[in-house]
Amino acid sequence: MKEIKNILIVSFGFLLLFTAFGGLQSLQSSLNSDEGLGVASLSVIYGALIISSVFVPSILIKKIGCKWTIVASMCCYITYSLGNFYASWYTLIPTSLILGFGGAPLWAAKCTYLTESGNRYAEKKGKLAKDIVNQYFGLFFLIFQSSGVWGNLISSLIFGQDSPAGSNNSFPDYSHCGANDCPGSNFGNGTGSIKPTQSLIYTLLGVYTGSGVLAVILIAVFLDTINLRTDQLKPGTKEESFIKKILATIRHLKDKRQCLLIPLTMYSGFEQGFLAGDYTKSYVTCSLGIHFVGYVMICFAATNAVCSLLFGQLSKYTGRIFLFIMAAVLNAASIIALLLWQPHPNDFAVFFIFPAIWGIADAVWQTQTNALYGVLFDEHKEAAFANYRLWESLGFVIAYGYSTFLCVSIKLYILLAVLLIAIVLYGCVEYLEYVEHKKATSTSISQNEDNNSLYKQTPM
């Protein structure tokens with residue numbers, strides 16, 4: 001089937017690309033810890049994503065289409081891998097800016113491509129569009145989230161050649177690990193981490209760069225072009241002005257549903273940022289060593305991938321509200337447990353349990369929030385998904401921005417507060433949708449009754 005073939009090509013293209021970027025992202029806080037360079041580069045990436053979300057996606061997608069927008073944006077990601085070969089403020093920050101400006105159109109084009117493909121297939125087969133879109137996003141995230149498995153497995157296997165087996169004996173006192181890790185503590189300054197040899201770092205970066213190049217080739221050669229119906233202008237009409245295209249994303253904020261979804265969208269950035277930037281450094285590297293970061297993050301990626309497919313199918317039977325509530329409960333429980341737990345190498349299994357639970361919750365945030373945007377804002381997909389990337393990126397920027405200034409315990413309290421606000425406002429969105437649906441149903445019934453009444457009054 002043509003539609004499934006294209007979804008698979010997009011999914012495996014993202015798999016290859018984010019095998020590289022996901023692996024690098026998990027290692028930045030530990031690998032480039034000097035003066036906070038690693039997390040600073042991540043903050044710059046998502047800061048650039050915010051600007052890009054406003055000005056770039058709608059214009060680029062309409063000009064060159066979804067396929068070539070994905071290809072061009074993937075090239076931006078490759079520059080970040082190249083910048084890590086000689087990591088410094090003069091290489092990582094510029095390449096972070098390039099990646100950030102390419103990130104928003106990449107995700108907006110992907111979401112638009114999947115949603116449009118799902119809508120067309122549903123229309124052709126006479127099925128519910130939201131169910132098909134949910135299935136497509138579930139399939140995509142099953143494959144995409146497995147990139148964390150391969151990227152982290154590659155890093156742990158390569159760095160494991162230079163790391164001793166067992167725990168990290170450089171830190172016999174683990175009292176500064178976990179929620180107690182603060183900028184003023186010994187480990188918080190990054191002075192004690194055991195850095196892999198330069199040759200192993202180059203080997204890892206070479207593999208990551210090659211993976212990104214393969215992703216570009218796969219999309220450019222094998223993905224079919226999809227012509228968006230919004231691009232098919234009627235004869236005699238003029239194409240939207242440049243300024244109108246730029247303002248499309250901003251105007252979308254007039255929809256109160258979009259405004260209510262901002263905290264939920266930002267939370268996606270907060271929770272991913274904490275896991276990649278703080279959990280890997282303050283819990284895993286501090287207690288076990290940097291060579292265990294990859295193995296621990298594989299648990300997150302594996303559960304995330306399996307649950308992404310599962311929840312895409314399960315949502316048809318449970319509805320999205322149940323899944324959102326379940327994810328909120330899992331995340332809240334994990335946050336509270338991380339505040340109370342003092343990490344130690346003797347609790348080896350616990351280091352893997354937390355990211356596994358986190359992966360289950362994140363699978364809901366990714367699949368269901370993307371699908372929710374696609375269903376609620378079907379008539380303005382490009383602007384809606386651009387807003388999604390904008391607010392998610394702001395969550396990343398804030399999470400990585402305060403990473404080197406706040407204690408981990410404070411970050412966990414912030415994460416919990418954002419989660420509570422997000423889930424309450426999401427409930428408001430569902431209530432508005434319920435009221436609107438009930439109103440539309442009542443109107444439809446009233447119109448049918450009026451038509452029946454007119455039919456009975458008409459003389460035969």
Side-chain angles (χ1 to χ4, degrees), residues 21-22 25-26 28-29 36 38-50 53 100 103-104 107 141 145 148 178-179 181 183 258-284 297 300-301 304 323-339 354-355 357-370 372-373 387-427 429:
F21 177 67
Q25 183 177 8
S26 298
Q28 285 303 314
S29 61
V39 291
S41 72
L42 295 176
S43 184
V44 169
I45 287 174
Y46 292 102
L49 263 171
I50 293 177
S53 296
W107 284 94
F141 279 106
Q145 295 292 6
D181 183 17
Q258 173 64 76
C259 293
L260 290 171
L261 286 175
I262 288 176
L264 180 67
T265 313
M266 287 182 64
Y267 177 75
S268 178
F270 272 95
E271 55 97 5
Q272 292 180 77
F274 175 83
L275 190 73
D278 295 303
Y279 184 78
T280 56
K281 173 177 176 285
S282 300
Y283 288 85
V284 181
M297 292 302 288
F300 167 78
N304 203 320
L323 294 176
F324 274 117
I325 293 174
M326 180 193 72
V329 170
L330 288 175
N331 262 167
S334 297
I335 292 169
I336 294 171
L338 286 171
L339 280 166
F354 277 113
I357 296 174
W358 211 271
I360 296 172
D362 185 68
V364 175
W365 305 131
Q366 298 306 315
T367 60
Q368 298 307 306
T369 307
N370 272 279
L372 179 63
Y373 269 73
N387 266 279
Y388 175 85
R389 294 307 299 175
L390 188 157
W391 298 110
E392 185 184 47
S393 299
L394 181 59
F396 275 111
V397 169
I398 296 173
Y400 288 130
Y402 63 49
S403 181
T404 56
F405 302 103
L406 299 178
C407 295
V408 173
S409 58
I410 302 299
K411 299 173 193 175
L412 287 167
Y413 284 121
I414 293 173
L415 198 60
L416 184 60
V418 175
L419 172 60
L420 294 176
I421 294 171
I423 207 67
V424 169
L425 295 185
Y426 161 71
V429 173

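The first residue in the sequence is number 1, and the count goes up from there.
Classification of the Y267-W365 ring pair by plane angle, with boundaries at 30° and 60°, yields perpendicular.
Within the 4.5 Å cutoff, the side chain of S268 has heavy atoms near those of the Y388 side chain. Contact annotation: the side chain of I410 never approaches that of Y402 to less than 4.5 Å [non-hydrogen atoms, C-beta and beyond]. In this structure, the side chains of F274 and I335 stay at 4.5 Å or more apart for every pair of heavy atoms. A heavy-atom distance below 4.5 Å is found between the side chains of L42 and Q25. Counting heavy atoms from C-beta outward, C407 and D181 have side chains that stay 4.5 Å or more apart. Between F324 and L264, some side-chain heavy-atom pair lies under the 4.5 Å cut-off. Between I398 and M266, the closest side-chain pair of non-hydrogen atoms falls below 4.5 Å.
Here the side chain of W358 pairs no donor or acceptor atom with the backbone of L330 at under 3.5 angstrom.
For W107, the ring-ring contact (aromatic ring centres under 6.0 Å, His included) criterion is met by F14, F18, F144, not counting sequence neighbours. The ring-ring contact (aromatic ring centres under 6.0 Å, His included) search around F300 returns none, not counting sequence neighbours. Remark: Y279 engages Y283 in a ring-ring contact (aromatic ring centres under 6.0 Å, His included) (not counting sequence neighbours).
For L425 against L260, the heavy-atom pair with the smallest separation is CB-O, 3.4 Å. Taking each heavy atom of V418 and F270 in turn, the nearest pair found is CG1-CD1, 4.2 Å. Contact between S393 and I50 at its shortest, heavy atoms only, is CB-CG1, 3.8 Å.
Separating the OG1 atom in T367 from the CG atom in L323 is a distance of 7.5 Å, to the nearest 0.5 Å. Here the NZ-CG distance, from K411 to D278, works out to 3.5 Å after rounding to the nearest 0.5 Å. Rounding to the nearest 0.5 Å places CG of L261 at 5.5 Å from CG of L372.
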